[in-house]
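The structure under discussion appears below in the form of structure tokens.
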Amino acid sequence: MFQLSMNMLYTAFFFFLLATIFFAVSITGKKFKNRQGQEHNRSALIGYILAVGGLVFSLTYFITRWIAVGYAPVSNMFEYTTALGIALSLAFVIIYPIYKINFLGLFTMPVAMLIIAYASLFPTEKQALIAALQSQWLTIHVITTVIGQGILAIGFAAGLLYLVRVIDFTKASKKVKGVEFIMFSLIAVLAYVLVNIGFGLADYEAVFTYVDEQENVAEMTYHVPPLIGPHEGERISDQGMDPLISTPANIRSGGVNMVVWSVLTGLMAYWLLRLVLRKPLGAVLQPIVKNVNPQLVDEISYRAIAIGFPIFTLGGLIFAMIWAQIAWTRFWGWDPKEVWALITFLFYAAYLHLRLSRGWHGEKSAWLCVVGFALIMFNLVFVNLVISGLHSYA
């Protein structure tokens with residue numbers, strides 16, 4: 001059953017890849033005339049069917065893994081990040097028939113694939129649940145949160161689509177730099193995935209003993225060279241290199257090492273692309289999206305956030321506080337993950353308030369959509385991987 005669930009996830013990834021290709025063909029490919037002289041291109045329909053197929057396979061993964069491990073598969077980084085990719089694809093499959101914008105598929109499916117590929121870098125084996133996670137609130141709180149974030153991710157994709165469509169890339173400006181930074185971030189995730197695959201094929205592994213924040217001796221395994229080492233770490237494997245620097249006990253060195261590798265490989269990949277293309281990446285994409293209706297994608301991003309925000313609030317704050325009271329006998333404790341969940345809530349609340357004001361539609365709104373999703377990813381990646389806290393098990 002466990003292996004079946006993984007096979008379903010790989011199949012879903014393949015379907016999302018095909019969906020991306022067909023959505024790209026629907027935009028850039030030729031249209032054909034039928035007997036009545038009407039132009040048509042069925043690539044978008046095929047792309048949507050493939051996206052639905054990918055969603056079905058990914059949900060089958062989720063259900064079969066749930067049966068195999070015996071609890072809702074959202075308890076660690078692999079399971080939660082995979083669930084986020086599935087939630088994003090679910091939101092897309094629901095929204096696409098309403099608006100039928102092929103460009104949204106071209107921007108959404110790659111993000112879902114990137115999220116699932118990134119998830120695959122974490123251990124996929126079944127892990128024993130710690131006492132705090134042995135609760136029905138694991139299912140209620142986390143699944144509600146991930147669905148809310150998946151819908152908010154649609155707001156990000158639509159916001160990015162809007163910015164690529166309207167910004168003038170012929171002039172050097174802060175707006176161009178902002179879009180390019182988003183492109184760099186997406187490339188950095190992809191580059192890190194490829195680097196991990198490369199070192200995985202080379203069977204690289206370096207094992208260290210270290211002293212954690214509770215002053216216990218533990219072991220940590222690196223699957224890419226450890227540029228950043230653990231607190232008072234000592235390499236015990238024959239293979240591998242010694243780290244350049246070590247972190248304090250309250251910093252999770254494996255996460256910092258992952259972030260450093262992502263930034264370095266992302267920078268190299270980004271500048272290589274800039275060298276080949278000789279223009280900003282946003283400028284390369286802009287001709288492809290020239291037929292996008294900015295007002296329509298602006299409406300999609302707003303509606304996605306208006307729907308995703310209350311769901312995220314329920315899961316990420318209200319259900320979280322109820323579970324915190326049960327598990328730790330207090331509703332709120334200013335744990336780093338709790339703080340960033342509150343910041344995310346306040347940000348989207350401010351966004352919805354500003355949308356009711358004049359002058360906060362269009363480009364300003366799109367920037368807020370992008371920044372909001374950046375907060376979600378910061379909480380998921382940086383807070384989870386780098387900062388020690390009560391949520392470090394995630």
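Just so you know, these numbers use all the heavy atoms, side chains as well, and skip hydrogens, waters and symmetry mates.
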Would you sort out whether Y96 and N102 count as a side-chain contact (heavy atoms from CB on, under 4.5 Å), showing the intermediate values? CA-CA 8 Å; Y96 179 80; N102 302 344; 2.8 Å; yes

Please walk me through it: do L272 and M268 pass side-chain contact (heavy atoms from CB on, under 4.5 Å)? CA-CA 6 Å; L272 182 62; M268 287 189 289; over 6 Å; no

Stepwise salt bridge (charged side-chain N to carboxylate O under 4.0 Å, His left out) check, D298 with R355: CA-CA 11 Å; D298 180 54; R355 279 289 302 204; 3.0 Å; yes

Would W323 and V142 count as a side-chain contact (heavy atoms from CB on, under 4.5 Å) here? Give the steps. CA-CA 10 Å; W323 190 9; V142 184; 4.2 Å; yes

Test ring-ring contact (aromatic ring centres under 6.0 Å, His included) applied to F309 and F345, step by step: CA-CA 8 Å; F309 174 72; F345 163 80; 5.4 Å; yes

How far apart are the C-alpha atoms of F107 and V111, what are their side-chain angles, what is the distance that settles it, and do they pass the side-chain contact (heavy atoms from CB on, under 4.5 Å) test? CA-CA 7 Å; F107 274 67; V111 175; 5.9 Å; no

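Between the side chain of N379 and the backbone N or O of L375, no donor-acceptor pair lies under 3.5 Å. In this structure, the side chain of E180 does not engage the main chain of P280 through any donor-acceptor pair within 3.5 Å. Judged by distance alone, the side chain of R165 and the main-chain N or O of V292 form a donor-acceptor pair under 3.5 Å. A donor-acceptor pair is defined here as one N or O able to donate and one able to accept, closer than 3.5 Å; such a pair exists between the side chain of S237 and the backbone of V207. Side-chain atoms of Q286 do not come within 3.5 Å of backbone N or O of D168 as any donor-acceptor pair. The main-chain N or O of M321 is never found under 3.5 Å from a side-chain atom of Q325 such that the two would form a donor-acceptor pair.
Hydrophobic clustering (side-chain heavy atoms under 4.5 Å, transitive across Ile, Leu, Val, Met, Phe, Trp, Tyr) groups V259 together with L267. Connection of V284 to L275 is not established within any shared hydrophobic cluster, with ILVMFWY side chains joined at heavy-atom distances below 4.5 Å, either directly or through further cluster members. In the hydrophobic clustering of ILVMFWY residues, with side-chain heavy atoms under 4.5 Å counting as a link, V166 and L104 come out together. In the hydrophobic cluster analysis, where Ile, Leu, Val, Met, Phe, Trp and Tyr join through side-chain heavy atoms closer than 4.5 angstrom, I151 is grouped together with I98. Hydrophobic clustering (ILVMFWY, side-chain heavy atoms < 4.5 Å, transitive): F122 and L201 are in one cluster.
Annotation for G266 and A191: closest pair N-CB, 4.0 Å, computed over non-hydrogen atoms. Residues I322 and W137 come closest through the heavy atom pair CG2-CZ2, 3.5 Å. Across all non-hydrogen atoms, the minimal contact from W367 to K175 is CH2-O, 3.5 Å. Between T64 and S5, the shortest heavy-atom distance links the atoms OG1-CB, 3.0 Å. Here the closest non-hydrogen pair linking A72 and E79 is O-OE1, 4.4 Å. Contact record, I300 with A158: CG2-CB, 4.1 Å, taken as the closest heavy-atom pair.
To the nearest 0.5 Å, the span separating NE2 on H353 from CH2 on W360 amounts to 10.5 Å. Between L106 atom CG and I288 atom CD1 the span is 7.0 Å, to the nearest 0.5 Å. Expressed to the nearest 0.5 Å, how far CD1 of I46 lies from CZ of F23 amounts to 10.5 Å. Here the CD1 atom belonging to I115 is positioned 5.5 Å from the CE atom belonging to M377, to the nearest 0.5 angstrom. Taken to the nearest 0.5 Å, the CG atom of L354 stands 9.5 Å off from the NZ atom of K364. The OG1 atom of T145 sits 10.5 Å away from the CD1 atom of I376 when rounded to the nearest 0.5 Å.
Using a 4.5 Å cut-off on side-chain heavy atoms (C-beta onward), E219 and I236 make contact. Looking at heavy atoms from C-beta onward, Q3 lies in side-chain contact with N7 at the 4.5 angstrom threshold. In this structure the side chain of Y351 reaches within 4.5 angstrom of the side chain of C369, judged on heavy atoms. Looking at F156 and L152, their side chains never come closer than 4.5 Å, going by heavy atoms from C-beta outward. Looking at F169 and K279, their side chains never come closer than 4.5 Å, going by heavy atoms from C-beta outward. The side-chain heavy atoms of Y302 and L352, taken from C-beta on, include a pair separated by under 4.5 Å. Using a 4.5 Å heavy-atom cutoff, the side chains of M183 and L285 are in contact. Looking at L317 and W332, their side chains come closer than 4.5 Å, going by heavy atoms from C-beta outward.
In this pair, F181 and F184 present their aromatic rings tilted. The plane angle is within the 30 to 60° band.
Sorted by first then second residue, the ring-ring contact (aromatic ring centres under 6.0 Å, His included) pairs that include residues 241-294, not counting sequence neighbours, are F199-W261.
For the salt bridge (Lys or Arg N to Asp or Glu O under 4.0 Å) test, no residue two or more places apart in sequence or in another chain qualifies with E234.
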Scan the side chains in residues 86-93 for donor-acceptor partners under 3.5 Å anywhere in the protein, sequence neighbours excluded, and list what turns up.
| unit_1 | atom_1 | unit_2 | atom_2 | d |
| --- | --- | --- | --- | --- |
| S89 | OG | I86 | O | 2.7 |

Kindly list each side-chain donor-acceptor pair under 3.5 angstrom involving residues 238-245, sequence neighbours excluded, with atom names and distances?
| unit_1 | atom_1 | unit_2 | atom_2 | d |
| --- | --- | --- | --- | --- |
| Q239 | OE1 | E205 | N | 3.0 |
| Q239 | NE2 | D203 | O | 3.3 |
| D242 | OD1 | R235 | NE | 3.0 |

Acceptor/donor pairs from residues 52-62 side chains to any protein atom, 3.5 angstrom cut, sequence neighbours excluded:
| unit_1 | atom_1 | unit_2 | atom_2 | d |
| --- | --- | --- | --- | --- |
| S58 | OG | G54 | O | 3.1 |
| S58 | OG | L55 | O | 2.8 |
| T60 | OG1 | V56 | O | 2.7 |

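The neighbour count for F14 CZ, taken as heavy atoms of other residues, nucleotides or ligands under 6.0 Å away, does not exceed 12.
Other residues sharing a hydrophobic cluster with F208 under the 4.5 Å side-chain heavy-atom criterion for ILVMFWY residues are Y210, M220, Y222.
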